[in-house]
Amino acid sequence: MAKLIGLTIVGLLLAFYKNHQSSYRTRLTALREVTPVDLPNCNFVKGIESGAEDLEILPNGLAFFSTGLKYPGLKEFDPNDPGKILLMDLNEKDPAVLELEIRGDKWDKSSFNPHGISTFTDEDNAVYLLVVNHPNYKTTVEVFKFQEEERSLLHLKTITHELLPNVNDIAAVGPESFYATNDHYFADPYLRSWEMYLGLSWSNVVYYSDGNVQVAAEGFDFANGIGISPDGKHVYIAELLAHKIHVYEKHANWTLTPLKVLNFDTLVDNISVDPVTGDLWVGCHPNGMRIFHYDPENPPGSEVLRIQNILSEEPKVTVVYAENGTKLQGTTVASVYKGKVLIGTVFHRALYCDL
């Protein structure tokens, strides 16, 4: 009888493992191959060699890049180099990036590990850059003021909170107010790995203002990118491992009401919203297995989606760019400016292409 019980337990454990292994591979779209889609006149952005996980373009054509991310479970090509914020003027004929000097008495450059970024411009046209930071693999949100003439950032504040344990991306709605995605519930690396493997869908979206945090939406399988419509009435949230983009109605008290969900066959990462058309530009991972289990002989591919008329009954989804990893690995973000598109990656290079 003891042997029978033992075999039964082993059988149940094996069945449980097999079921979750299959689910894990499905969530990572492990078998998907991309059909290449090219863009004209693509060039690598000079000066970006170890990723540009997120980027933000101001209306005047100045683009900020978050570079050098170290993230648990992902490949690191320059593990000992601190991250940087780079600037690129898209109005130049042959634009190149420069590193923005960060000034501040309490600023620690050595532990800078930037992730998602977002800008806010106030009524006096002062530009604030909010940056998700992971110093020593913890989470803070850093508030900077952009000093355009000096081409530098002034560090104003470091924000921490127990409800900001694993921030991935951020959408600023004020100099120190924002929505943020937590991509995991647990902060401990071991528990995070099990949370992801089991697909617990415990990650969330929070709203922060003046030291207070409230949960705005929850129940996500790796909440990732977040964006806001140009009129400020809707919030878009990318659910990476469920292959979904959620549309929420934003209310005056900053609460969110679910409106609709779009499903995809790819892992949706960062969302950029065109301020003119309202179109969503989404950096995607066509095969997540190759991102989280990196093999240089079989590198992760890249994919960029454009979503038009997202609030309509039939949004138009277009694959603007797709590549199998021979040129660009691990696309996370894409954003447009005057007929051109910038494409960033988690740990590889960046492209600048005509549309």
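Note that these values count all heavy atoms, side chains included, but never hydrogens, waters or copies made by symmetry. Predicted, not measured: the structure shown is a model, and the values here were computed from it.
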Check: Leu153 versus Phe146: any side-chain heavy-atom pair under 4.5 Å?
Finding: yes
Checklist line | Check: Ser152/Gln147 side-chain N/O donor and acceptor closer than 3.5 Å | finding: yes
Next item on the list: Look up atom OG1 in Thr158 and atom NZ in Lys106, then write down how far apart they are to the nearest 0.5 Å.
Entry: 9.0 Å
Check: Heavy-atom count around Asp210 CG within 6.0 Å, excluding the residue itself: above 12?
Finding: no
Note to self: Given Asn166, which partner from the list Glu195, His184, Arg192 fulfils the side-chain hydrogen bond (donor to acceptor under 3.5 Å, both in side chains) test?
What the structure shows: Arg192
Next item on the list: Could you check whether the rings of Phe220 and Tyr248 sit parallel, tilted or perpendicular, using 30° and 60° as the cut-offs?
Entry: perpendicular
Notebook entry, point to check: Within a strict 4.5 Å, meaning less than it, do heavy atoms of the Tyr179 and Ile237 side chains meet?
Noted result: no
Check: What's the spacing between Asp279 CG and Leu305 CG if we round to 0.5 Å?
Finding: 12.5 Å
Next item on the list: List the steps, then state whether salt bridge (Lys or Arg N to Asp or Glu O under 4.0 Å) holds for Arg349 with Glu49.
Entry: CA-CA 5 Å; Arg349 305 186 70 181; Glu49 303 291 339; 3.6 Å; yes
Next item on the list: Give the intermediate values and the outcome of side-chain contact (heavy atoms from CB on, under 4.5 Å) for residues Val273 and Ile228.
Entry: CA-CA 7 Å; Val273 181; Ile228 299 177; over 6 Å; no
Item checked: Parallel, tilted or perpendicular, as decided by the 30° and 60° cut-offs, for the rings of Trp107 and His155 -> tilted
Item checked: Pairing residues for Asp354 by the salt bridge (Lys or Arg N to Asp or Glu O under 4.0 Å) criterion, not counting sequence neighbours -> Lys340
Notebook entry, point to check: Roughly how far, to the nearest 0.5 Å, is the CG atom of Asp94 from the OH atom of Tyr352?
Noted result: 10.0 Å
Note to self: Here's a test for you: under side-chain contact (heavy atoms from CB on, under 4.5 Å), which of Thr119, Leu154, Asp122 qualifies with Tyr128?
What the structure shows: Asp122
Margin query: Side chains of Thr277 and Val336, heavy atoms from C-beta outward: is any pair under 4.5 Å?
Written below: no
Notebook entry, point to check: Does CZ belonging to Phe120 count more than 12 external heavy atoms closer than 6.0 Å?
Noted result: yes
Note to self: Tell me the closest heavy-atom pair linking Phe347 and Phe77, and the distance in Å.
What the structure shows: O-CD1, 3.4 Å
Notebook entry, point to check: Would a 4.5 Å heavy-atom cut-off, applied to side chains only, mark Phe222 and Asn168 as touching?
Noted result: yes
Item checked: Leu130-Phe112 co-clustered via ILVMFWY side chain contacts under 4.5 Å -> no
Check: Distance from Ile48 atom CD1 to Leu86 atom CG, nearest 0.5 Å?
Finding: 5.5 Å
Item checked: Heavy-atom side-chain contact between Val333 and Asp269 under 4.5 Å -> no
Check: Quick one: does Val320's side chain get under 4.5 Å of Val341's, heavy atoms only?
Finding: no
Check: Which value, rounded to the nearest 0.5 Å, describes the distance between Tyr236 atom OH and Leu259 atom CG?
Finding: 9.5 Å
Next item on the list: Answer yes or no: is there a donor N or O on one side and an acceptor on the other, between the side chain of Ser118 and the main chain of Ala172, under 3.5 Å?
Entry: yes
Notebook entry, point to check: Under a 4.5 Å side-chain heavy-atom rule over Ile, Leu, Val, Met, Phe, Trp and Tyr, are Ile85 and Leu62 clustered together?
Noted result: yes
Margin query: Checking the side chain of Asp169 only, and the main-chain atoms of Gly225 only, is there a donor and an acceptor separated by less than 3.5 Å?
Written below: no
Note to self: Testing Arg32, Glu239, Arg27, His285 one by one against Leu267 for a side-chain contact (heavy atoms from CB on, under 4.5 Å), which residue passes?
What the structure shows: His285
Check: What orientation do His348 and Phe44 show, parallel under 30°, tilted 30 to 60°, or perpendicular over 60°?
Finding: perpendicular
Item checked: Worked check of salt bridge (Lys or Arg N to Asp or Glu O under 4.0 Å) between Glu101 and Lys109 -> CA-CA 10 Å; Glu101 178 187 359; Lys109 178 180 179 179; over 6 Å; no
Notebook entry, point to check: Mind checking whether Trp281 and Tyr321 have ring centres under 6.0 Å apart?
Noted result: no
Margin query: Return the OG to CD1 distance between Ser335 and Ile57, rounded to the nearest 0.5 Å.
Written below: 3.5 Å
Check: Between Ser203 (side chain) and Ala223 (backbone), is there a donor-acceptor pair under 3.5 Å?
Finding: yes
Next item on the list: Check whether any side-chain heavy atom of Lys244 sits under 4.5 Å from a side-chain heavy atom of Asp221, and report yes or no.
Entry: no
Notebook entry, point to check: Are the side chains of Lys138 and Asn133 in touch, meaning some heavy atoms are under 4.5 Å apart?
Noted result: no
